[in-house]
Amino acid sequence: MREYKAGVIGGTGMVGQRFITLLAKHPWFKLTVIAASGRSAGKTYEEAVANRWAMKEDLPEIAKNIIVLDAEKDAEKIAGQVDFCFCAVDMPKEQIKNLEEKYAKLECPIVSNNSANRWTEDVPMVIPELNPEHLNIIEAQKRRLGTKRGFIAVKSNCSIQSYTPALHPLLKYGVERVLACTYQAISGAGKTFERWPEMIDNLIPYIGGEEEKSEQEPLKVWGHIENNQIIKANAPEITTQCLRVPVSDGHTAAVFVKFRDKNTMPSIEQIKTEWANFKGRPQELNLPSAPKQFLRYFEEPDRPQARLDRDLEGGMAISLGRLRPDTQYDYKFVGLSHNTLRGAAGGGVLLAELLCAEGYFDAK
């Protein structure tokens with residue numbers, strides 16, 4: 001595998017910082033460019049994040065002296081220096097769409113953490129273990145954009161990682177309805193307790209736009225390609241409630257599942273076996289960021305816990321527990337994912353690894 005030059009657009013925010021830490025030690029990707037808003041442009045990265053570094057790890061040496069470029073004004077320069085870019089900017093949605101498409105048309109592939117292009121019909125929204133076949137839509141997207149190597153691929157919302165992967169191997173049994181209540185960490189809002197003291201000893205029962213994403217995005221992940229677009233699945237029915245809780249990292253979900261036919265629905269032991277045996281394309285390809293055991297079930301009644309289990313397999317595994325019968329649905333269980341690793345930057349890096357391994361990042 002050759003070394004790929006990678007850029008991070010939106011490198012000063014929390015997800016951008018997480019990208020920086022992951023790229024600093026990545027075996028395939030070399031951190032080459034960091035871009036942000038005009039406020040940070042011209043500063044060294046160390047200067048740009050001096051009072052805003054939110055990672056537990058120290059700022060990587062490789063990033064400290066990189067001069068931050070202007071994500072918008074320096075787009076052509078940035079595109080010429082890298083093989084691809086990660087995008088994690090904090091801008092209005094329409095501006096993000098325009099910016100990502102601008103880079104794609106400059107022949108710079110974009111792996112996006114943003115929601116702006118998740119519902120663009122020919123942009124794949126990929127959880128690598130679940131729907132790698134959606135990458136096939138990229139050729140149609142290139143034809144629309146008029147590009148040879150430029151395209152946009154996005155990862156899904158962080159909250160759906162805590163339950164959608166667990167449901168995926170059960171779909172063949174006829175999942176009919178899902179209720180998921182998510183309890184989401186403050187880092188999902190780009191915050192720490194130092195910067196958001198109001199969250200200490202608090203719970204906020206509202207996260208703007210989150211419930212719509214949580215209900216609809218799994219259906220695109222489970223959709224299919226038809227006439228050069230991704231058609232979302234029409235089942236199962238999903239309803240969600242999303243709450244912000246005083247946890248630094250880790251989104252937890254309480255999940256209730258109903259199957260169409262009780263005669264063919266799986267037993268509890270069958271579900272545990274499906275979870276234990278489930279592997280996806282990243283595991284087949286042995287990608288650097290892929291967890292060996294993607295879905296890990298805990299038999300202990302008080303697991304998974306955010307503090308104990310969010311960092312499982314480098315924060316890239318999904319932790320599951322408390323699977324049991326339910327009086328109104330058929331079963332209920334608890335899921336946990338690390339929202340800035342599997343749910344954000346780590347998921348983006350894994351998607352980039354998949355794109356590399358499948359030949360989407362050709363040499364310039």
Side-chain angles (χ1 to χ4, degrees), residues 2-26 28-50 52-53 59-117 120 123 138 141-142 145-155 344-345 347-349 351-353 355-356 360-364:
R2 77 175 183 87
E3 185 177 73
Y4 291 83
K5 295 178 180 178
V8 178
I9 304 169
T12 57
M14 182 169 284
V15 174
Q17 291 178 24
R18 181 68 78 180
F19 273 123
I20 300 298
T21 63
L22 294 175
L23 292 176
K25 51 194 174 184
H26 198 278
W28 296 0
F29 305 148
K30 180 182 179 181
L31 177 62
T32 305
V33 172
I34 303 174
S37 69
R39 296 189 304 275
S40 298
K43 300 177 182 178
T44 66
Y45 186 65
E46 185 174 30
E47 291 169 340
V49 297
R52 295 192 288 159
W53 185 251
L59 198 160
E61 289 294 327
I62 193 175
K64 285 183 178 180
N65 294 315
I66 292 178
I67 302 299
V68 177
L69 298 179
D70 189 309
E72 295 184 276
K73 293 180 180 178
D74 296 326
E76 192 166 348
K77 179 180 179 180
I78 294 165
Q81 293 182 17
V82 299
D83 292 306
F84 73 97
C85 277
F86 296 103
C87 189
V89 295
D90 182 12
M91 298 165 61
K93 186 170 291 188
E94 198 59 36
Q95 290 183 36
I96 295 173
K97 289 187 71 172
N98 293 338
L99 185 69
E100 291 181 347
E101 195 162 299
K102 179 179 182 178
Y103 276 88
K105 288 181 176 178
L106 288 168
E107 301 294 357
C108 177
I110 289 292
V111 178
S112 179
N113 184 73
N114 300 300
S115 64
N117 270 302
T120 305
V123 170
I138 286 173
Q141 185 193 145
K142 287 180 181 177
L145 296 174
T147 59
K148 293 182 178 179
R149 66 184 306 277
F151 63 86
I152 303 162
V154 303
K155 52 156 291 300
V349 170
L351 174 53
E353 292 170 1
L355 287 161
C356 283
Y360 288 92
F361 292 164
D362 59 331
K364 285 188 175 179

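Rounded to the nearest 0.5 angstrom, I152 CD1 and C87 SG are separated by 9.0 Å. Remark: Y360 OH to L351 CG distance equals 11.0 Å, nearest 0.5 Å. For the atom pair CZ of F151 and CD of E101, the computed distance is 14.0 Å after rounding to the nearest 0.5 Å. Atom CD1 of I34 and atom CD1 of I9 lie 12.0 Å apart (nearest 0.5 Å). Once rounded to the nearest 0.5 Å, the distance linking CZ of R149 with NZ of K142 reads 8.0 Å. Between atom SG of residue C356 and atom CH2 of residue W28 there is a gap of 6.5 Å, rounded to the nearest 0.5 Å.
R52 and S40 make their closest contact through NH2-OG, 3.7 Å (heavy atoms, listed as atom of the first residue, atom of the second, distance). When every heavy atom of Q81 is checked against every heavy atom of T32, the shortest pair comes out as O-CG2, 3.8 Å. Residues G11 and I20 share a closest heavy-atom pair of O-CG1, 4.2 Å. Closest approach of I96 to A116, counting heavy atoms only: CG2-CB, 3.6 Å. Residue V89 comes nearest to N114 through the heavy atom pair O-OD1, 3.0 Å, listed as atom of the first residue, atom of the second, then distance. E100 and I110 make their closest contact through O-CG1, 4.0 Å (heavy atoms, listed as atom of the first residue, atom of the second, distance).
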Without placing hydrogens or testing angles, list every side-chain donor-acceptor pair under 3.5 Å for residues 69-76, not counting sequence neighbours.
unit_1	atom_1	unit_2	atom_2	d
D70	OD1	E72	N	2.9
D70	OD1	K73	N	3.0
D74	OD2	D70	N	2.8

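Shown here are the ring-ring contact (aromatic ring centres under 6.0 Å, His included) partners of F86, two or more places apart in sequence or in another chain: F19, F84.
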What do the steps show when you test V82 against C108 for side-chain contact (heavy atoms from CB on, under 4.5 Å), and what is the final call?
-> CA-CA 8 Å; V82 299; C108 177; 3.8 Å; yes

side-chain contact (heavy atoms from CB on, under 4.5 Å) assessment of T12 paired with Y45 = CA-CA 8 Å; T12 57; Y45 186 65; 4.2 Å; yes

Give the C-alpha distance, both sets of side-chain angles, the deciding distance and a yes or no for side-chain contact (heavy atoms from CB on, under 4.5 Å) between I78 and C85.
-> CA-CA 9 Å; I78 294 165; C85 277; 3.9 Å; yes

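Side-chain atoms of Q95 never come within 3.5 Å of backbone atoms of P92 as a donor-acceptor pair (strictly under, hydrogens ignored). Judged by distance alone, the side chain of T21 and the main-chain N or O of R18 form a donor-acceptor pair under 3.5 Å.
The 12-atom threshold is not exceeded at NZ of K5, counting heavy atoms of other residues, nucleotides or ligands nearer than 6.0 Å.
Contact annotation: the side chain of T44 approaches that of I67 to within less than 4.5 Å [non-hydrogen atoms, C-beta and beyond]. You'll find the side chain of L355 stays beyond 4.5 Å of the side chain of P109, heavy atoms only.
Ion pair E61/K64 flagged as a salt bridge, since at least one NZ, NE, NH1 or NH2 atom sits closer than 4.0 Å to an Asp/Glu carboxylate oxygen.
Note: H26 and F29 have parallel aromatic rings, judged against thresholds of 30 and 60 degrees for the angle between ring planes.
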